[in-house]
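All chains are named by letter (A, B, ...) in the order of the sequence lines, taking the proteins before the strands, and each is independently numbered beginning at 1.
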Amino acid sequence: MFPSVYSPKDVEDEIRKFWDSHRIYEKVKKKGDRLFFFVDGPPYTTGRIHLGTAWNKVIKDTILRFKRMRGFRVMDTPGWDMHGLPIEVKVEQELGFKTKRDIESFGIDKFVAKCMEYALRNKDMMTEQFKALGVWMDWDNPYMTIKAEYIDSAWWCVKKAHEQGLLERKLRVVNWCPRCETALADAEVEYKDKEDPSIYVKFPIKGSENTFIVIWTTTPWTLPANMAVAVHPSLEYAKFRAEKDGKTEFLIMAKDLGSEVLRKGGYESWEVVETYSGKDLVGLEYEHPLIEEVPIQKNWTHRVYTADFVTAENTGCVHVAPGHGLEDFELGEKVGLEVFNPVDDRGIYTEKAGKYAGLQVFEANRIIIEDLRRKGLLLAEEKIVHRYGHCWRCKTPIIYRATEQWFLAVSKLKDRMLEEIDKVMWVPEWAGMARFKDWVSNAKDWCISRQRFWGIPIPVWICEKCGKWKVVGSVKEVPWKEDLDLHRPKIDEVTFDCECGGKMRRVKDVFDVWFDSGVASWGTLKFPFEMSRVEFERIWPADFITEGHDQTRGWFYSQLGASVIAFGRAPYKTVLMHGFTLDEKGRKMSKSLGNVVEPEEVVSRIGVDGFRLYVLSSALWEDLRFNWEDAKNVLRMLNIYWNAVRFAYTYMSLDRYKEIPLKDVQLSVEDRWILSRLESFNKLALEAMEKYHLHKVVRAFFDFVVEDFSRWYIQLVRPKVWEEKDSPAKIATYTTILRVVEKTAKIIAPFAPFLAEWIYQHFVKEFKEGEESIFLESYPEPEESLIDEELERAMSVTREIFEAASSARQKAKRKLRWPLRKLVIESKDEDVRRAVEMLEGIIKAQCNVKEVEVVEEFEKEVKVKPNYKAVGPKLKDKVKKFAEFVESLSKEEVKEILKRGKVEFEEVELNVDEALLIEYVVPEGYEFSEFSKGIVYVYTVLDEELKREAFAREIVRRIQEMRKEMDLDVEEFIESTVEIDPKLIEGWKEYVKHETRSVKLEFGEPKDGYVKEWEIEGMKVKIGIKRLER
RNA sequence: GGGCCCGUGGCUCAGCCUGGUUAGAGCGUGCGCCUGAUAAGCGCAAGGUCCGGGGUUCAAAUCCCCGCGGGCCCA
């Protein structure tokens, strides 16, 4: 059965059932000898999948299906990223929590159990969604980051780091989320616009009256922790004498920037009184501007230092707070500044902040500014909108805080990592060689500790007494019964006895969730928990991974870092980087914009195969602007493919065709042509697949199927399928079609698995033996001996001739149904001559002409007129005479002039191109149209004979339509009566009878049967037809 | 300030790596055609400074440089 309309849903339902009941996936998995190790970038288990996640998995599935058909045994374990802040935040929301204290009073054990429940629930939901997209992965055996065997992989890696001295605990300034009360990795910080104060502050210089050094900051809240001022060593600074409200002040700033600052400060006049280089300012002492408010500051001396990070912006003097800035911290370390951090985990000032104790830092900005103003130290205040870091999950603005954290010293491995990047195949190349290298070369040590609950616990125990560390490298070293035992708070109960007699307790922190996924390439293999080193080395590293470009700093990086620590090399051989999904205007999809398109919605409208082909139809590394029009168009094209196959099916099954080897049939020229095109397409597809250029395959598929197969080949062979049963030409056509359909189905199977399988089952296997499923077949190899480039070229010329002829017909208003006497092609091109030689029959039939001729030059008249616009300025008043001259030229003279390209007139030599407008006049009765290699002329005059034929065709068409209206079967016979003068179709009576399956054809007024009155070329014609009773 | 990517008809995109006919599709628009694939299908036409400017070259949408605009990432 072959339904007349392509219904993606019916096809999917049927094939899904077929795959399930015949356990096709399991059978496919067993095939293949060579190993293909794919590592799934684990999606994070919050909520439902979106368009981007769907796209991602569709890419993966397409590659994996392809590799399987290429004879690989594919490792297709899906992964789930189930720990971390995002889930904690969601669970907190469900429980209505605001702070970390809420979690602690609720009970960490209960909270963690909730997190696990949440993650598992989402995992199951998302699994179903992926399955619905036809994604074939080992859904029953995924890797999950919460499992003991996975945690084992992570711990093992930390131990590896420790053994190499790459695990460090140190005081560092880190990104800190005051809401989540934890450190964040650089990868977890999102930059968004934020409005902040932008203030210029005067720091009083000790020992000089009314003298200040001016700094600029957007974080007034860090001023209580100020320890120094930094200037650039070689920048030029100046002391300005400035007047304001009758008072004189001396202000130190960068020389070139001072005026602008003073203007902002509302000073009336100023002048430079002294200049220095930055170096000269070193050691200058100043008084902390909030010395009264933050009394503890009295303990320290504040000085000016030089630093290279200072730029010639704002005042050229930078306020340094080692407790609140990365560069500040480093400078402090170098010159021995106190790392003063009076801000607690919640972003609230501690007692050390004196007056500000108990205030939230961002709220304190206002108060600090007021204090400075009151004290006369605020030079100017503005607002600024700038990019500022926010917590990736809760969107709270982050703060920088110096805290004690655990680090992986990746900065020591940078060179190694960069070398490894070179060995990986990147698609596209710049993803690795440019983008990723840039990120890695800027990488700092990786802060892997989080002061949270739901994560892999850091496997470090420290002796309370002597401070000795124990880094545990395997979960087998601690007691556990279920996976939850390995999480907080259970794991915190585990202690070890130290050699010194003291108790070793676990560090309270959990891992950065990016570290979890970083160990995926061996975590997915359950190494070292279950897999032996020998086996592991046979499989690892991954042959292929693919993710979106956001993973440059995410998973591509975390995996490379972890793997270089553990094995000294990259964990992947090929990385395909894909884009983001955006709305049709190029904006991100978000709930607040209301522009979210759900994958399910797309699938319900155009089907899974349509969805897959749509998202795979443009370059993967570009962002995908989702567009309904284009998505629907994919469905339209699939429908054309469906209809073409169905057309063939109708006749092939009617004739009970069974496969005959290609060598045993008499192939026509069009058969040979489509087979050549097929193999060319096959070749292109295979080459593109090897390079992971999926979109090229999709495009070539539609091009071949729609353009070559449906629009051209099927059109050409249509008359043949109506021939008698054993016609050799028809059998050759069937054989050709079978091969075309089979190959195209296989080539596109990885992309559109449901449709391909359906066609394989209902078409291919109807006419030949085959495997149980198309996915148990091999991906087709191109048979290059069938490629005939000359023939392909000739056919493409032929199509152009046909198109030009159609165009000429339209100009002459001669519809295609009307035969024409003659078609002349004017061309000197060898390809055209060859095309006509090889394919004359096709040209005649398609263009509906009796005769085709190629000439080098068609007899046409050339008319020339003066080009007044160009000639006017040159000839001025002689123009009129020139026009007369041009008019007077004989045909021969014109030809001669055109040949020479120049025309002489009254001793002036003019260029033909600009002096003359050339017009070709086609002989009476001809119409023409250009194509790339020449011009096609059709003779449009209808002689009496052509008119009779045309009329006969008109009658045939009407009768056919009436047959259809009567719902007659294709092979049924009728009797027809036509009310016309028989002379109108003289010589064509048998033709009409044959075409319409009329046993009898009479002329006169129809009396009975189905009668209808038509208008043909302005003439009223009554036609009657009667079904022949048998 | 730095890195990367993108910029091609009204819209969505191919082509660019590897330079070479008149820059291609599809959608949309207009006009037609076909009618035994038909609740389909097909053709034709209009519509492009290939972001701008320089350079390399016999030849540049394509390679190089400098800008402009947009996006992502970093500082």
Nearest to the side chain of A:E327 - B:A40, B:C74, B:A75? B:A75
Integer angstrom distance from the P of B:C51 to that of B:U12: 15 Å
Near RNA chain B, counting only heavy atoms under 4.0 Å, which residues of residues 613-623 of chain A show up? A:S618, A:A619, A:E622
Whole-Å distance between B:C72 C1' and A:N442 CG? 15 Å
With both distances under 3.5 angstrom, what nucleotide forms a Watson-Crick or G-U wobble pair with B:G1? B:C74
A:T219 meets the side-chain contact (heavy atoms from CB on, under 4.5 Å) criterion, sequence neighbours left out, with A:T217, A:W221, A:T222
Do A:E972 and A:R1027 meet the salt-bridge criterion of a basic N to acidic O distance under 4.0 Å? yes
Test side-chain contact (heavy atoms from CB on, under 4.5 Å) applied to A:E690 - qualifying residues, sequence neighbours left out: A:F66, A:K67, A:R70
B:A61 and B:U22, which share atom name C1', separated by this distance in whole Å: 15 Å
Considering only heavy side-chain atoms of A:V706, the closest of B:C42, B:C4, B:U35 is B:C42
Quick check on B:C13: is either OP1 or OP2 less than 4.0 Å from any side-chain nitrogen or oxygen of A:R625? yes
Between A:G934 and A:H695, which is nearer to the 5' end of RNA chain B once each is assigned its nearest nucleotide? A:H695
List the steps and the verdict of ring pair (Phe, Tyr, Trp, His ring centres under 6.0 Å) for A:H324 and A:W176. CA-CA 10 Å; A:H324 292 305; A:W176 187 273; over 10 Å; no
Provide the Watson-Crick or G-U wobble partner of B:A25, both distances under 3.5 Å; none if there is no partner. B:U12
What is the distance from CD of A:E800 to P of B:C44, rounded to the nearest Å? 10 Å
Taking side-chain contact (heavy atoms from CB on, under 4.5 Å) as the test, write out the residues that go with A:E830, two or more places apart. A:R833, A:R834
Atom pair distance, as rounded to whole Å: CD1 in A:I955 and C1' in B:U35: 16 Å
Anything under 3.5 Å between a donor and an acceptor, one on a side chain of residues 633-640 of chain A, the other on a protein residue two or more places apart or in another chain? List them.
{"from": "A:N633", "atom 1": "OD1", "to": "A:R636", "atom 2": "NH1", "distance (Å)": "2.7"}

Can you tell whether the side chains of A:K730 and A:D655 come within less than 4.0 Å, N to carboxylate O? yes
Quickly work out the A:F647 CZ to B:U35 C1' distance and round it to whole Å. 13 Å
Whom does B:C44 pair with, Watson-Crick or G-U wobble, provided both distances fall under 3.5 Å? B:G30
Residues passing the ring-ring contact (aromatic ring centres under 6.0 Å, His included) test with A:Y692, sequence neighbours excluded, are A:F544
Please list, chain by chain and in numerical order, all residues satisfying side-chain hydrogen bond (donor to acceptor under 3.5 Å, both in side chains) with A:E961, sequence neighbours excluded. A:R957
Would you measure the distance from the C1' atom in B:U62 across to the matching atom in B:G7 and give it in whole Å? 15 Å
CZ of A:R799 versus C1' of B:C44: gap in Å, rounded? 14 Å
Those residues at least two apart in sequence (or on a different chain) that pass side-chain hydrogen bond (donor to acceptor under 3.5 Å, both in side chains) with A:S4 are none
Where protein sits on nucleotides 26-33 of chain B, one letter per nucleotide: B base, S sugar-phosphate only, - none, heavy atoms under 4.0 Å: SS----SS
How many whole angstroms separate atom CG of A:D438 from atom P of B:C74? 11 Å
Pick the C1' atom in B:U35 and in B:A39, then give their distance to the nearest Å. 14 Å
Using whole Å, report how far CG of A:D703 lies from C1' of B:C13. 14 Å
Using a 4.0 Å heavy-atom cut-off, write out nucleotides 60-68 of chain B from 5' to 3' as B (base contacted by protein), S (sugar-phosphate only) or - (no contact). ---------
Per atom distances to the A:S806 side chain, the nearest of B:G43, B:G3, B:U12 is B:G43
With rounding to whole Å, what would you report as the distance between B:C17 and B:C11 at their P atoms? 26 Å
By side-chain hydrogen bond (donor to acceptor under 3.5 Å, both in side chains) - contacts of A:R799 (at least two apart): A:E707
Using the P atom as the reference point in each nucleotide, state the distance between B:G24 and B:U49 in Å, no decimals. 15 Å
Below the 4.0 Å mark, does B:C73 have OP1 or OP2 next to a side-chain nitrogen or oxygen of A:K437? no
If pairing means Watson-Crick or G-U wobble with both distances under 3.5 Å, then the partner of B:A61 is none
pair_partner(B:G69), Watson-Crick or wobble, both distances < 3.5 Å, evaluates to B:C6
Proximal nucleotide (of B:U18, B:C4, B:A75) relative to the A:K691 side chain: B:U18
Regarding A:R677 and A:E792, does a basic nitrogen lie under 4.0 Å from an acidic carboxylate oxygen? yes
Say we look at B:A23 and B:G1: how far apart would their C1' atoms be, to the nearest angstrom? 38 Å
Any idea which of B:A14, B:G71, B:G43 is nearest the A:E803 side chain? B:G43
Rounded to whole angstrom, note down the C1' distance from B:G54 over to B:C74. 31 Å
How far does CZ of A:F802 sit from OG of A:S807, to the nearest 0.5 angstrom? 11.5 Å
For A:Y651, answer base if it contacts any base atom (sugar-phosphate contacts may also be present), sugar-phosphate if it contacts only those atoms, and nothing otherwise; contact means non-hydrogen atoms under 4.0 Å. sugar-phosphate
Residue list, side-chain hydrogen bond (donor to acceptor under 3.5 Å, both in side chains) with A:S806, at least two apart or on another chain: none
Just the rounded figure in Å: distance from P of B:C74 to NE2 of A:H390. 13 Å
Here's a test of your reading of the structure: between A:K696 and A:V645, which maps to the more 5' nucleotide of RNA chain B? A:K696
